Every structure is written in C-alpha cells, then in structure tokens.
Amino acid sequence: MHAYYADHFVLPLPTGHRFPMAKYGRLRQRLAAELPGVSLQEALPATDGELALVHTPDYIRAVTEGTLSTAAQREIGFPWSPAMAERARRSVGATVLAGRRAMAGEGLAANLAGGTHHAYADKGSGFCVFNDAAVTTRLLQAEHARQHRAAGLLRVAIIDLDVHQGNGTARIFVNDASVFTLSLHGARNFPFRKEPSDLDVELPDGCGDIEYLDALERAIEELERRFDPGMVIYLAGADPHEGDRLGRLKISFDGLEARDRRVMDWAWQRRVPLVFCMAGGYGTDLEATVQVQINTYAVALEYHARWQRWAGGLATGTR
Ligand SMILES: [Zn+2]
C-alpha cells in the first residue's frame, strides 16, 4: 500500500509552540520499522493550477510569496516561512497522489499528514493552510471526467472523523451535490462557529467508545441512504483519543481501531476506493497519537490485501 510523506520539509516553529510537528517523522519511522507492507513515497508539491481548483488566486499568492498578514498567520497558527509554504503544497500533493493510487485499482492509499479541513478557499485556520481533501476531490473529479466522460461526475464522500468539525471542507462544498461531507466531532470543541456539512454529528465532552461507535454507525447508515460515492476520503484523526490534550473525548485505542475498521469495511463492501489522511492528534504523550495512527495503517493493510486479492481474481476470472 502506498503512503506519501513530506515530513522532511521541516517547518521552523518558535520554541514552546504547541503543535507536535515531531509526530510526522515519528510515524514514518515506525511505519518503516513495523509495517513493511506500507510503501513510503515522497510527496510532490501541488501546483498553483491544482490549488486553484479550490483556493483563490490571491490566497495562493499570499502563501507562496509570504505576504500573509500577521492576523492571517495567527489564524493559521504557524508563522510563514518558505518551508511552511512548501510543506503545505506537499501535504496537498500527498493526498492527490494517494487518491490517484486508490482510484487506479489499488483500492487504498494514504497521506502521512493532511486532513487540513479548517482551510477555506480564501484563508487558512487551525494549523491548516490548504485543504488537501478539497483539492484532491476537485482534481480527481476533473481527471475522472476526462477519462470516463460518459460516466458522469465522480461522487466523493469525505468522512471526517477528526474530533474538530471540518468547517473549511463543509463551506467549500456547500450546495455541491457531487460531494457528501460528513463530520463527527466534539460539540464544544474548535471551531466555535461551525459550518453546515451534509451530515454533522455532535458529540458531548467525555464521550466514550460505545456512544461514539453507535453515533458512527447511525451516521454511516444515513450516508448510505443519501449518497452513492465513487471515492471516499477518510480523515482518520487521532484526536478523539482519550490521551489527547485538545480532544475532550474518551475514545480508547480499541474504539478508534473499531472506528477505522467500520469506515474501511463500508468502503470495501461497496468496492469504493478510499484514501485516508492523518488529520489531528495532540497526545499528551506523542507516542500515543502515533500509536493510534499505526493502528489505522494496520487495519488499512488488511483491506488493501483484500483489494489486491479481489483485483487479482477479476484479472484471472476466478474471483
Ligand atoms: Zn482535529
């Protein structure tokens, strides 16, 4: 299974900054050591033209040239630097490349970062510069239209299980019938002004495994009734975990693994390609955040193997 990274573009942060930048390198290190079925690839940067499928030219230029206002940088939460701009492009590029892999018959692929769902068309927010899921959706829709003109527009379900609401994504795709945005998030958590998704599920502070998985089940049933996707983008946020500093929920490792399995199984049962990205994770213990992510990859490898067996069976007519 292919997974794309850009953590070697190190974003210089002031000392004491609360963003756990080290988690990306640590995830790559552990994947290489523990899950050899994951093929780690360097992400390419998204181009201006790709970003412009979602973002305004003025915003792309301000990020590229370093002319973001102080207020805009404060809202993003990172000071501007050339590495910050490059890293933001590569993080989008990683989801795009993973999306192409998944759609090209591999069934599943991943971005070791990404899930930057607080980014709007014309501004960044909450550690998110560009919206990787949104750019990937628009670009793959365009590529799909070119290759399969008669098949109609590619329909994409964005299943956002980061603990924070996917406000930027919801806003970008508002009134767009070709994209279904689902966000399951903490009711009292950031962002405090939420945008309406196609389906929003709000969870109370302290929510545990049983309540969480039950809410997910009902959300997936509703998604199933309302939408028939040709691709799924899954934001497998680690921040609902009970050890998270910002999450406010109490989901265990097992609960999050069951969550990942439910989403990946749903896509697999329908033979819908799925790309996943890591989104948020702010563990008091960084290693706990990375463990949640490692578990996501382990489940994904199982479904990737099923896809390969199924595709192999189709090729030889023995399925
Ligand atoms: Zn989050």
Side-chain angles (χ1 to χ4, degrees), residues 7 11 13 17-24 26-27 74-78 87-88 91-92 94-95 110-120 123-134 158-172 181-195 197 199-207 212 215-216 219 233-253 255-257 259-260 263 275-296:
D7 64 89
L11 197 165
L13 293 178
H17 193 285
R18 67 195 184 119
F19 191 82
M21 200 56 74
K23 69 181 175 175
Y24 298 109
R26 184 66 185 139
L27 173 62
R74 198 179 309 119
E75 187 165 355
I76 290 171
F78 298 138
R87 195 189 161 85
S91 186
V92 174
T95 303
N111 177 358
L112 270 68
T116 43
H117 56 170
H118 302 310
Y120 285 68
K123 65 168 188 171
S125 177
F127 306 134
C128 302
V129 181
F130 298 126
N131 194 312
D132 61 316
I158 301 177
I159 301 180
D160 185 342
L161 304 188
D162 185 278
V163 82
H164 303 101
Q165 200 228 4
N167 55 340
T169 314
R171 180 60 172 271
I172 288 164
T181 53
L182 161 60
S183 180
L184 197 77
H185 51 264
R188 296 187 55 230
N189 215 320
F190 179 91
F192 302 106
R193 244 199 70 210
K194 296 176 174 55
E195 302 281 351
S197 311
L199 177 55
D200 284 298
V201 179
E202 303 216 307
L203 302 164
D205 284 1
C207 175
Y212 184 82
L216 174 63
I233 300 181
Y234 172 36
L235 277 65
D239 48 13
H241 186 250
E242 57 194 342
D244 200 87
R245 280 188 289 123
L246 307 181
R248 309 172 78 111
L249 305 189
K250 293 249 178 308
I251 317 303
S252 69
F253 287 114
L256 288 171
E257 192 179 323
R259 169 197 77 165
D260 295 337
V263 173
V275 46
F276 64 101
C277 40
M278 292 295 96
Y282 313 91
T284 311
D285 173 11
L286 188 117
E287 217 47 54
T289 294
V290 175
Q291 187 60 51
V292 171
Q293 299 173 330
I294 291 281
N295 295 348
T296 302

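First listed ligand is number 1; within each ligand, the first listed atom is number 1. Everything quoted here is computed from the prediction, not taken from an experiment. Numbers here are sequence positions counted from 1.
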Set of residues satisfying side-chain contact (heavy atoms from CB on, under 4.5 Å) with respect to A187, sequence neighbours excluded
E202

Verdict with supporting geometry, H17 and F78, side-chain contact (heavy atoms from CB on, under 4.5 Å):
CA-CA 9 Å; H17 193 285; F78 298 138; 4.0 Å; yes

Going by chain and residue number, what protein N/O/S atoms come nearer than 2.8 Å to the Zn ion (ligand 1)?
D162 OD1, D162 OD2, H164 ND1, D239 OD2

Pairs touching residues 233-245 that satisfy salt bridge (Lys or Arg N to Asp or Glu O under 4.0 Å), sequence neighbours left out:
none

Which of these passes side chain to side chain donor-acceptor pair (under 3.5 Å) with T116: D162, T169, D132?
D132

Going by distance alone, is a donor N or O of one side chain under 3.5 Å from an acceptor N or O of the other, for T95 and N111?
yes

Please list, chain by chain and in numerical order, all residues satisfying side-chain contact (heavy atoms from CB on, under 4.5 Å) with R188, sequence neighbours excluded.
D205, R248

